[in-house]
Amino acid sequence: MDTTFSSEDIAFQNEVRDFIANNYPQSLRDSIAEKKRNNEELSREDLTTWHKILGKNKGWSVPGWPEQYGGAGFTPTQKYIFEQECARAECVIVAPFGPQMCAPVIYTFGNEEQKAKHLPGILSGEVFWCQGYSEPGSGSDLASLKTTAVKEGDHYIINGQKTWTTLAQHADWIFCLVRTNPDAAKPQEGISFILIDMKTPGIEVRPIYLMDGINEVNEVWFDNVKVPAENLIGQENMGWTYAKFLLAHERSGIAQVARSKKAIERIKQIAAAEMSYGEPLIQDPAFQRKIAEAELELTSLEYTELRTLAKDSAGKGPGPESSLLKIKGTDMQQKLTELAMEAVGYYANPHMGTSLSNEYVGPDYSTNLSGSYFNFRKASIYGGSNEIQRNIIAKMVLGL
Amino acid sequence: MDTTFSSEDIAFQNEVRDFIANNYPQSLRDSIAEKKRNNEELSREDLTTWHKILGKNKGWSVPGWPEQYGGAGFTPTQKYIFEQECARAECVIVAPFGPQMCAPVIYTFGNEEQKAKHLPGILSGEVFWCQGYSEPGSGSDLASLKTTAVKEGDHYIINGQKTWTTLAQHADWIFCLVRTNPDAAKPQEGISFILIDMKTPGIEVRPIYLMDGINEVNEVWFDNVKVPAENLIGQENMGWTYAKFLLAHERSGIAQVARSKKAIERIKQIAAAEMSYGEPLIQDPAFQRKIAEAELELTSLEYTELRTLAKDSAGKGPGPESSLLKIKGTDMQQKLTELAMEAVGYYANPHMGTSLSNEYVGPDYSTNLSGSYFNFRKASIYGGSNEIQRNIIAKMVLGL
Amino acid sequence: MHFELTEEQTLLENMVTAFVRDDYNWETREKIVKTEEGWKPENWSKFAELGLLSVPFSEDHGGLGGTAVDSMVVMEQFGKGLVVEPFMPSILLSGNLISKLANESQANEIIPKIIEGESRYVFAYAEPQSRFDLSDVKTSATKDGDEYTLNGFKSVVFGASMATHIIIAARTSGDQRSEDGITLFLADIKSNGITLQTYPTIDEYRASEVVIENLKISSDMVLGEVDKAYSVVEEVIDLATIAACSEAVGILQVLKDSTIDYCKQRKQFGQPISKNQAIQHKLVDMMIEYEQAKSILYAAVTADLSNADERKKAVSGAKARIGQSIKFVGESAIQLHGGMGMVDEYMISHYFKRATMLGVLFGNVDFHMKRFVGLTQSNIEPIDGSATIRGGY
Amino acid sequence: MHFELTEEQTLLENMVTAFVRDDYNWETREKIVKTEEGWKPENWSKFAELGLLSVPFSEDHGGLGGTAVDSMVVMEQFGKGLVVEPFMPSILLSGNLISKLANESQANEIIPKIIEGESRYVFAYAEPQSRFDLSDVKTSATKDGDEYTLNGFKSVVFGASMATHIIIAARTSGDQRSEDGITLFLADIKSNGITLQTYPTIDEYRASEVVIENLKISSDMVLGEVDKAYSVVEEVIDLATIAACSEAVGILQVLKDSTIDYCKQRKQFGQPISKNQAIQHKLVDMMIEYEQAKSILYAAVTADLSNADERKKAVSGAKARIGQSIKFVGESAIQLHGGMGMVDEYMISHYFKRATMLGVLFGNVDFHMKRFVGLTQSNIEPIDGSATIRGGY
C-alpha cells in the first residue's frame with residue numbers, strides 16, 4: 001500500500017506543471033476571469049485555445065487515446081496527475097464531447113475513413129463537437145428517443161429534435177442517436193449512431209437559458225436534414241451498444257476531485273475575508289464545521305477514485321462502481337457552490353451580466369456565486385441523474 | 001388563530017396538575033427510578049398502579065372513551081393537556097393495549113356481553129392486555145399472518161405463533177388477529193379478531209431480549225388453544241376492518257411531543273454537567289447546534305400535532321396525515337436518545353443490570369443511556385415501519 | 001386553541017389571493033421583472049386601494065393595526081405569486097419602523113402619504129462588513145449644530161430604486177459593534193450625498209448599494225431617539241423576518257405541489273415517474289418539510305411577540321427551521337423536475353431562486369441557530385450526577 | 001501508487017482471517033462474552049504463537065516493527081469477528097507506548113513478557129472530567145525522595161480486568177489541562193492503592209473504573225521523561241485511533257453485506273424487500289458510506305504519520321468521517337433488518353453496538369472535527385475583494 005508517486009510519475013508531474021506554466025496563455029486567463037465576473041458565456045476561442053495548445057504537445061489534448069491515433073497514451077496514474085495539475089493551475093476544461101466521448105466511439109467502432117476524417121480535427125481542437133442524445137421527454141429514459149433517420153439512397157433523412165445540447169452554438173459537428181427502425185421489438189434495438197455536420201441545411205440551434213441566465217445548452221432541430229450514409233458509425237440499429245460504451249467513458253473523471261479541492265481552498269480564503277460578528281467568518285464554528293465536512297468527504301472521494309484507478313491500472317476496469325464517483329463527485333460540487341454562496345451573505349443577491357446590471361457590486365469574489373449554486377443543480381441531473389446512478393449500482397454492483 | 005387555552009382549559013390543566021401532585025405515589029417514582037438505573041424491566045405493579053389510580057378518577061385511565069362506557073370523554077384539547085401534564089410530571093405511561101387499542105374495537109364492534117365483560121377491567125387496570133398481531137415473517141405485511149383459528153362446535157382451535165408481543169409476560173388477555181378462512185381470495189379477507197384468555201391451556205410465552213438486554217417483547221405460542229366462539233369480535237373474516245380501525249387509533253399520540261420536551265430539558269442539564277475541554281459541554285457550539293436543531297424540530301412537530309388536533313376538534317378527523325406524526329415523532333425520540341448518549345462521552349460504555357454488573361459506575365445520569373439509544377431503534381420499525389408510513393402518505397395523502 | 005383566521009383576516013387573504021390570481025399571472029409577472037424598473041407602479045396604487053399599505057400602522061393614523069398574522073396572510077399569497085413590488089421593504093419594514101418611532105408631527109406628515117401610496121420608504125441597515133449583525137454599523141453621523149453629516153456605505157437595500165425616501169441607520173456614538181449609539185435618519189432618497197447603484201438580484205428583484213457622502217440631515221429628521229434605535233430596529237427586523245418566513249412558506253407550497261403534479265405527469269420508462277418508490281418517498285419528505293415549516297411559522301405568529309425574549313426565540317427558531325426546509329424542498333423540486341427544473345423559461349426555477357434568497361434575508365440558518373442557542377441554552381442548571389462516582393474526583 | 005498489501009501483510013491478514021474463521025465463530029464468541037472474565041486467555045496464547053503480540057515492537061526487541069497498515073490488517077479482521085480479547089488496549093495502545101518510551105532496562109524486562117503473552121498492560125488516561133481531552137489530567141503524582149505517591153480516578157479503562165500491569169498518566173506539574181506536566185507510571189495492577197470496579201460494556205467488552213489511593217511508585221517505574229509524556233501519548237492514541245477506525249471498517253463491511261443479504265432473502269408482500277426501490281437506494285447509500293469510510297482509512301494509513309501535523313490531520317479526519325459512516329450504516333442496517341435487527345439473539349445488533357462504541361472511543365465525531373478544523377483552517381490568507389466596492393468602507 002503506497003500512495004506516493006514513482007520517480008517517473010514525479011518527473012511527469014513536473015513536466016506537466018512546467019508545460020502549463022510556460023504555455024497557458026495569460027490572455028486566456030484574463031478573458032475567462034472577465035467573463036466570469038460578467039456572468040457571460042465563454043467564446044469558442046476561450047473554449048478551444050488551450051485545447052489547441054495541448055493538441056500540439058504529444059497529444060495531451062486527448063490523454064486517453066491510444067498512441068496509434070496520436071493520443072498521449074497516458075497511464076491511469078498519468079491521467080490522474082495531468083487532471084490534477086490542470087485543476088491546480090485553474091486551466092479551462094477541455095470540452096469532452098469530441099476528445100472523450102465521440103472519438104472513442106469512432107476509433108473503436110468506426111471505419112478507417114471515419115477515423116482519418118474526424119480524429120485529427122478532434123485532436124487538434126480545430127473541429128468542435130456536441131452531443132445529440134437527449135430529447136424532449138426522454139430524459140433518463142434515453143432509449144425512448146424519437147428523432148428519425150430514414151434511408152433514402154446513400155443518405156439518411158433526419159427529422160426530430162434534440163435538447164440539452166451543451167455548447168451546440170459553437171459546434172461544427174454533432175454525434176447523434178437516431179431511430180432507424182421504429183418497429184424494433186425493444187426501443188433500444190432500432191437506434192443508430194450517426195455523425196452530422198452542423199452546417200447541413202435544415203438544422204437549427206435554439207438557445208436554452210438556464211436559471212442563472214446562461215446559454216450553456218440548446219435545442220437542436222432537424223428538419224429533413226440530409227446526411228450521407230457514410231456518416232453512420234458501425235452497423236445500423238446497433239447505436240445503443242455504442243452509446244452504452246460511451247456512457248462508461250463519460251463517467252470517468254466525473255468526480256472532479258482536483259477542481260473541488262481548488263474550490264475548497266477558495267472558500268476558505270473567502271471565509272477568511274468575510275466578517276461575521278466582527279470576526280472572520282472562518283472562525284465561526286458552524287461554518288468551520290461545514291468546510292471540514294466537505295474537506296473530509298472530498299478526501300474520501302479522492303481515495304475512492306484512487307482505488308478505482310488502481311483497479312483500473314491493474315487491468316480490472318472501473319466498472320459500474322464509477323456511478324459512485326458520479327454521485328459523490330456531483331454532491332461535492334453542489335455542496336461547494338452552496339458554501340461559497342453562503343459565505344458572502346447578502347452579496348449572494350446581485351445578478352451580474354444581465355442587460356440591467358451596469359456596475360459590479362459587492363466584493364470581487366462574490367460575483368455570481370449564487371448563479372453557480374443554481375447552475376450546479378444540473379450536476380445531479382445530467383449524465384444520468386443520481387437516482388438513475390443509484391439504480392445502476394443497485395442492479396449491477398449489489399445485484400438487487 | 002390563537003394557541004392560548006380557554007379559561008375552562010386552564011382550569012382543567014390545574015385540575016390535572018393538582019391530581020398528579022396529590023395522587024402519583026412517590027413509592028412508584030422510586031421503584032421506577034431504581035429499575036431504570038438497574039436496567040431492569042418494570043414489574044406488573046409498576047405498570048398498573050398509576051393506571052388503577054387514574055381509573056378511580058372519572059375514567060382518566062381511558063381519556064378517549066365515550067362517557068357511556070365510563071370514559072373521561074375528554075375533548076381533543078383536554079387529551080392534549082392531560083398527556084402534556086403526565087409527561088411533565090414524568091408519570092409512567094399507561095400501557096395502551098387495553099385502553100387505547102383493544103377497548104375501542106370492543107365498544108365499536110363488540111356485542112353487549114363483550115362490552116360488559118371486558119371494559120370495566122380495562123378501565124380499572126385490573127386486567128392487563130397485550131396485542132397479538134405480528135408473526136414471524138409477517139412484519140409490515142400484517143395480512144400475511146398464518147395463525148389459524150378453526151371452528152369446532154362453539155369453540156375455535158387456535159394454532160400458530162405471534163411475536164414482538166409487548167409485555168405479554170404480564171398479560172391476562174390477548175387480542176389476536178387469526179386466519180379463519182385460508183381460502184379467501186385476498187389474504188386480508190380471511191382474518192378474524194378474537195380475544196383470548198392468556199391462562200388458556202396451550203399458550204406459552206417465551207421472552208425475546210432486545211439488544212439492550214431487556215425483555216420487553218415476547219413470542220406467544222398457541223398449541224391447540226381452545227377459545228370460546230363468543231370471544232370473536234364482530235363478524236368472522238371481518239378482522240382486517242377492525243384492525244385498520246385500530247391502527248388509526250394507535251397512531252394518535254405517537255408523536256410523544258411532551259415526553260420529548262422533557263427529554264431535551266434533561267439533555268441540557270446533562271450537557272451543563274458534563275465537561276469538554278474544561279468547559280461545560282453545553283458551551284460547545286457543535287453540541288449546542290444539535291440541541292437547537294432538535295428543539296426546533298420538536299416545536300415544529302408540536303404545532304403539526306396541534307394543527308392535526310385542531311382539525312380533529314373541528315370534526316374533520318386526523319386522517320392518514322398522522323403517519324407524519326409517527327415518522328417525525330419517532331425520529332425525534334431516536335435523535336434525543338442519541339444526544340443523551342453522546343453527552344456522556346466514555347460513560348456510554350458501561351452496561352448496568354446484567355448479572356455481571358455489580359456496582360454503578362459513572363455519573364448517575366449516564367446509566368444505560370446507550371441502552372436507550374439502542375432500544376429506541378425499534379421506534380422507526382414498530383407500528384408500521386417509517387418506510388411503510390411513507391408509502392401510506394404517498395398513496396393516501398399525495399395520491400401517487 | 002385554534003388556527004382559523006378571523007373574518008377580517010379571511011377577507012384580507014381573499015383579497016390578496018384575488019390580486020395574485022387576476023393581476024399577477026405568470027406572463028404579467030415576466031413582463032414586469034424584465035422592465036428596467038423591475039416593478040409596476042400601478043400595482044402599488046392597487047395596493048393602496050385595497051388598503052394593504054395601511055397594514056402596519058395604528059388605527060389612530062388610519063392604519064389597519066395589523067398583527068403578525070395579517071402580515072403572514074399577505075406575504076404567503078405574495079409568495080405564491082412571486083410578487084416583486086416592494087411591500088416587505090417599504091411597508092412591513094420601513095412602515096413599521098415609522099409606525100413605532102415617528103413623533104406626532106412626523107407621523108402626521110409621513111403616514112398618510114405612505115398609505116395613499118405616494119411615498120415609499122426603504123430601510124438601509126446592512127453594510128458590507130456587518131453580515132446579519134444589526135449592531136455592526138460603521139456609517140457615521142456627526143452633529144454640527146442642528147444638522148448631522150452622514151458618511152458610509154449601505155449594502156443590498158431592496159427596493160431602494162423604487163423608493164421616494166430612505167431611513168438610514170448610522171452611528172452617532174459607541175464602537176462599531178455596540179448596540180448603543182445607533183440612530184435612524186429620514187431622508188429623501190434623491191438628496192445630494194446619496195448615490196444608488198441599482199442592480200437586479202438573482203431572483204429578479206431590485207436592490208441597490210447606497211453610497212452616502214457628506215449627506216446633510218436636519219435633526220428634525222431623526223426617527224426615534226438618538227443613540228437608542230437598536231432595540232426597535234431589532235424588533236422590526238424580527239417582525240419582517242416573520243414576513244419573510246411567510247413568503248417562504250407560500251413558495252414552498254408551490255414548489256411542493258408543482259413537483260407532485262409534475263411527477264404524476266412526467267413519464268419515463270413507460271410510466272409516470274411518481275410510480276418510483278424512491279421518488280414517492282422524496283415527495284413525502286418534501287411534504288413533511290413543508291408541513292413542519294408551516295407549523296413553526298404558526299408557532300411564531302401565535303407566540304407572545306410583545307415579550308422581547310419570546311419574540312426573538314420564536315423568530316430565530318422559525319427562520320432557522322424554515323431555512324432548512326427551503327434548502328430541502330427547493331433542491332428536491334429542481335432535482336425531480338430534472339432538466340425542466342433547470343431552465344429559466346419554466347416557473348419552478350424562479351420559485352426556487354426566490355426561496356433560496358429568502359433563506360439569506362435577515363440572516364441565514366447559521367445566524368438564527370446561533371441566536372436561538374443564545375436564548376435557550378444559557379443558565380442551564382447542571383444535573384447532579386456525582387452520587388455513584390467513587391474516588392471523589 | 002497502489003493499494004495492494006505486501007506479501008508479509010497478506011500473510012498476516014490470512015492468519016488473522018483464519019483465526020477468526022476457525023477459532024472465533026459466533027457460538028464460540030457468545031460463550032466467551034458470557035463468562036465472568038469476558039475473554040478467553042487461551043486466545044491470548046494463540047496470539048502469542050501467531051506472533052501478533054509483537055506487532056508494535058521494534059525488530060531489535062524481537063518485534064515485527066509493524067506499521068499502521070499492519071495494525072489495520074489485524075484490526076479489520078478482528079472487527080469482522082467482534083474479537084473481544086484486549087488486543088487494542090494491551091498491544092496497540094500500551095505496547096506501543098512501551099515500545100516508544102521504555103528505557104533499555106525497562107524494555108528488556110517488559111517487552112519479551114508481552115510478546116510471550118505473559119504480561120498485559122493497559123493504559124489509564126481518561127478521567128470523568130476529561131472527556132476526550134488527553135491533557136486534562138487531575139490524577140496527581142507527588143514525589144518524595146525516590147518515590148511517587150499517586151491519587152486519582154481513571155475511567156473506562158478497557159481490558160483492565162484482563163491486565164497484569166497498568167500505565168497511569170498522572171500530573172506531576174502544571175494546571176489540570178496543561179500539556180506540560182504529565183508523567184506516565186508503570187505499576188502492577190494488583191498493587192496496593194489500586195482498586196478496579198469492573199463491568200461489562202454495552203457491546204460486551206470489559207472495562208474498569210480505576211481508583212488510585214496513595215499508590216506508591218518508585219521513580220524507576222516512570223515510563224519516559226517526567227512531565228513530558230503528552231506528545232507521545234497523543235501520538236500513540238492517534239495510532240490506536242487508526243486501529244479503532246480499522247476495526248470499524250471491518251464491522252461496517254459486515255453490516256453492509258449482511259443487510260444486503262437479508263434484504264434479498266426477506267420477503268414481504270410476496271417479494272424480497274430488496275425489490276423496493278427505496279430500500280435499494282438505501283442499500284446503495286450504505287455501500288457508498290462503507291466505501292468512503294474505507295477510503296479515508298486508506299488515506300490515513302498511507303499518510304506521512306511521522307510528521308505530527310500530517311498525522312493529526314489524517315487521524316482526526318478519518319475518525320470523524322468514519323464516525324459518520326458508523327451512524328448511517330449502523331442505523332440503516334438495523335432499520336432494514338426490522339424486528340430481527342433489534343434482538344440480542346441475532347448477530348447484527350452486536351455489530352451495530354460495537355461500531356457505535358468505536359465511534360466514541362478516543363473521541364467522537366465532534367471532537368475530531370474540531371481537532372481537524374484547528375489543523376486545517378488556521379492562518380488562511382483572506383482573498384482580496386475590495387476592488388469593486390465603492391465608497392471605501
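Chain letters run A, B, ... following the sequence lines, proteins first and then strands; every chain starts at 1.
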> Is any side-chain N of the basic residue among D/K353 and B/D212 closer than 4.0 Å to the acidic one's carboxylate O?
Replying inline: no
>> Please classify the contact between D/S208 and chain B as side chain, backbone, both or neither, with a heavy-atom cut-off of under 4.5 Å.
In response: neither
> What residue, out of D/L361, D/I202, D/D133, D/T198, has the most heavy-atom pairs lying under 4.5 Å from chain B?
Replying inline: D/I202
>> Only pairs of heavy atoms separated by less than 4.5 Å count here; which of D/R266, D/E345, D/E204, D/E36 has the most with chain B?
In response: D/R266
> Considering only heavy atoms, which portion of B/I208 lies under 4.5 Å from any heavy atom of chain D: side chain, backbone, both, or neither?
Replying inline: side chain
> In terms of heavy-atom proximity below 4.5 Å to chain D, should B/Y382 be classed as side chain, backbone, both, or neither?
Replying inline: neither
> Looking at side-chain heavy atoms only, is the closest gap between D/F367 and B/Y277 below 4.5 Å?
Replying inline: yes
>> Nearest 0.5 angstrom please: D/Q129 CD to B/M275 CE, how far?
In response: 8.5 Å
> Would D/E209 and B/V361 count as a side-chain contact (heavy atoms from CB on, under 4.5 Å) if you check the C-alpha gap in whole Å, the side-chain angles of each, and the deciding distance to 0.1 Å?
Replying inline: CA-CA 7 Å; D/E209 305 295 285; B/V361 295; 3.6 Å; yes
> chain B: which of D/I334, D/D136, D/N276 shares the most heavy-atom pairs with it under 4.5 Å?
Replying inline: D/I334
> Between D/R206 and B/L356, what is the shortest heavy-atom contact and its length?
Replying inline: NH2-CD1, 3.3 Å
>> Within the 4.5 Å heavy-atom criterion, are D/F352 and B/M211 side-chain neighbours or not?
In response: yes
>> With a 4.5 angstrom heavy-atom cut-off, is it the side chain or the backbone of B/L369 that approaches chain D, or both, or neither?
In response: neither
>> At a 4.5 Å cut-off on heavy atoms, which part of B/V217 comes close to chain D: side chain, backbone, both, or neither?
In response: neither
>> For chain D, which candidate among B/P285, B/S144, B/A143, B/A343 shows the most heavy-atom pairs at distances under 4.5 Å?
In response: B/A343
>> Using heavy-atom distances under 4.5 Å, tell me whether B/S138 contacts chain D through its side chain, its backbone, both, or neither.
In response: backbone
>> Under 3.5 Å, is there a donor on one side chain and an acceptor on the other for B/Q334 and D/E331?
In response: no
>> With a 6.0 Å cut-off (strictly less than), is the heavy-atom count around NZ of D/K264, excluding the residue itself, greater than 12?
In response: yes
> With a 4.5 angstrom heavy-atom cut-off, which part of D/D344 approaches chain B: side chain, backbone, both or neither?
Replying inline: both
> Do B/T354 and D/Y199 pass the side-chain contact (heavy atoms from CB on, under 4.5 Å) test, and can you show the C-alpha distance, the side-chain angles, and the key distance before you say yes or no?
Replying inline: CA-CA 9 Å; B/T354 74; D/Y199 48 87; over 6 Å; no
>> Under a 4.5 Å cutoff for heavy-atom pairs, which residue among B/P350, B/G213, B/A348, B/S370 has the most contacts with chain D?
In response: B/P350
> Looking at OH of D/Y205 and CG of B/N349, how far apart are the two atoms once the value is rounded to the nearest 0.5 Å?
Replying inline: 11.0 Å
> Ion pair present between B/D141 and D/K267, side-chain N to carboxylate O less than 4.0 angstrom?
Replying inline: no
> Taking atom CD of D/Q268 and atom OG of B/S385, what is their separation to the nearest 0.5 Å?
Replying inline: 7.5 Å
> Any side-chain heavy-atom pair from B/Y347 and D/V156 closer than 4.5 angstrom?
Replying inline: yes
> Can you tell if the side chain of B/K290 reaches within under 4.5 Å of the side chain of D/D366, non-hydrogen atoms only?
Replying inline: yes
> Hey, which of B/L281, B/N391, B/N368 has the most heavy atom pairs under 4.5 Å with chain D?
Replying inline: B/L281
>> Quick check for you: among B/G371, B/A286, B/S380, which has the greatest number of heavy-atom pairs under 4.5 Å with chain D?
In response: B/S380
> So what's closer than 4.5 Å to chain D heavy atoms on B/N375: side chain, backbone, both or neither?
Replying inline: backbone
>> Can you confirm whether more than 12 heavy atoms, excluding those of D/K327, are under 6.0 Å from its NZ atom?
In response: yes
> Taking D/S155, D/A126, D/P200, D/G339 one by one, which has the highest count of heavy-atom pairs under 4.5 Å against chain B?
Replying inline: D/P200
> Between D/Q335 and B/N386, which heavy-atom pair has the shortest distance, and what is it?
Replying inline: NE2-N, 4.2 Å
>> In terms of relative ring orientation, are D/F132 and B/Y346 parallel, tilted or perpendicular, with 30° and 60° separating the classes?
In response: perpendicular
> Measuring heavy-atom distances to chain B, does D/T356 have an atom under 4.5 Å in its side chain, in its backbone, in both, or in neither?
Replying inline: side chain
> Roughly how far apart are B/E279 CD and D/R177 CZ, rounded to 0.5 Å?
Replying inline: 7.5 Å
> In terms of heavy-atom pairs under 4.5 Å, which option from D/M357, D/R131, D/K34 contacts chain B the most?
Replying inline: D/R131
